[in-house]
Amino acid sequence: MARPTKPNKTKELQGTLRKCRLPANEMQTAKVEVLPNAPSFLNQEGADEWELVVGELSRIKMLHITDLSILAAYCNEMGTYHAIAKELGGNYTERTYDKDGKLRASKIAPKYKVMQAALQNALKLASKFGFTPADRASLSMPEQDKEKTDDFNFFE
């Protein structure tokens, strides 16, 4: 099975782009000009994550229109993770007691398993955007505009 090809932009950011290996016409997508609102299906935690990642990706000029659906899926998974974690409040086991009040059985709460699955799904999606420290370390930033902070660097 052939290894999946990386986009030219990813190769460029990683410093592995070779002109002789460029595909003839790689797909180019439009960047997002106006920040979109969070999708309505996200819970509050997911909407907060949306605002965070969309704002940051836009700031570093890495937000494209075709990324929005996958970002929504990532935010949905993170929202699920945070909502369940808040609901369980650190109590990840379910216990059953007999009539005398003795502990009869203890098992992991089913919602904990859902929470962990949501985190694993979110991590898989996060790696595609360079959100994890390990993935971020393999990328370099695209060229950014210098911030004009005072009159002395106005002409730089």
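Starting from 1, each residue takes its place in the sequence as its number.
Every side-chain hydrogen bond (donor to acceptor under 3.5 Å, both in side chains) that Glu56 has, sequence neighbours left out, goes to Arg59.
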Report all side-chain donor-acceptor pairs from residues 104-112 shorter than 3.5 Å, counting only partners two or more places apart or in another chain.
{"unit_1": "Lys111", "atom_1": "NZ", "unit_2": "Glu87", "atom_2": "OE1", "d": "3.4"}
{"unit_1": "Lys111", "atom_1": "NZ", "unit_2": "Glu87", "atom_2": "OE2", "d": "2.2"}

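Put simply, NZ on Lys128 and CD1 on Ile70 are 9.5 Å apart, with the number rounded to the nearest 0.5 Å. Distance check: Ile84 CD1 to Leu119 CG gives 11.0 Å after rounding to the nearest 0.5 Å. Taken to the nearest 0.5 Å, the CD atom of Glu45 stands 4.5 Å off from the CG atom of Asn43.
Applying the side chain to side chain donor-acceptor pair (under 3.5 Å) test to every pair with at least one member in residues 91-100, sequence neighbours left out, gives no pairs at all.
Contact check for Tyr81 versus Asn121: no side-chain heavy atoms found under the 4.5 Å cut-off. Side-chain atoms of Tyr74 and Glu49, non-hydrogen and from C-beta on, do get closer than 4.5 Å to each other. The shortest distance between side-chain heavy atoms of Lys124 and Glu77 does not fall below 4.5 Å. Side-chain contact between Leu57 and Asp67 is absent, with no heavy atoms from C-beta onward closer than 4.5 Å. Counting only heavy atoms from C-beta outward, the side chains of Leu35 and Leu63 approach each other to under 4.5 Å. Side-chain contact between Leu68 and Trp50: present, with at least one pair of heavy atoms (C-beta onward) separated by less than 4.5 Å.
Summarising the local packing, CG of Leu52 is surrounded by more than 12 heavy atoms from other residues, nucleotides or ligands at distances under 6.0 Å.
With hydrogens and angles ignored, the 3.5 Å screen pairs no side-chain donor or acceptor of Ser58 with any backbone N or O of Gly55.
Of all heavy-atom pairs spanning Leu42 and Ala47, the tightest one is CB-N, 3.9 Å.
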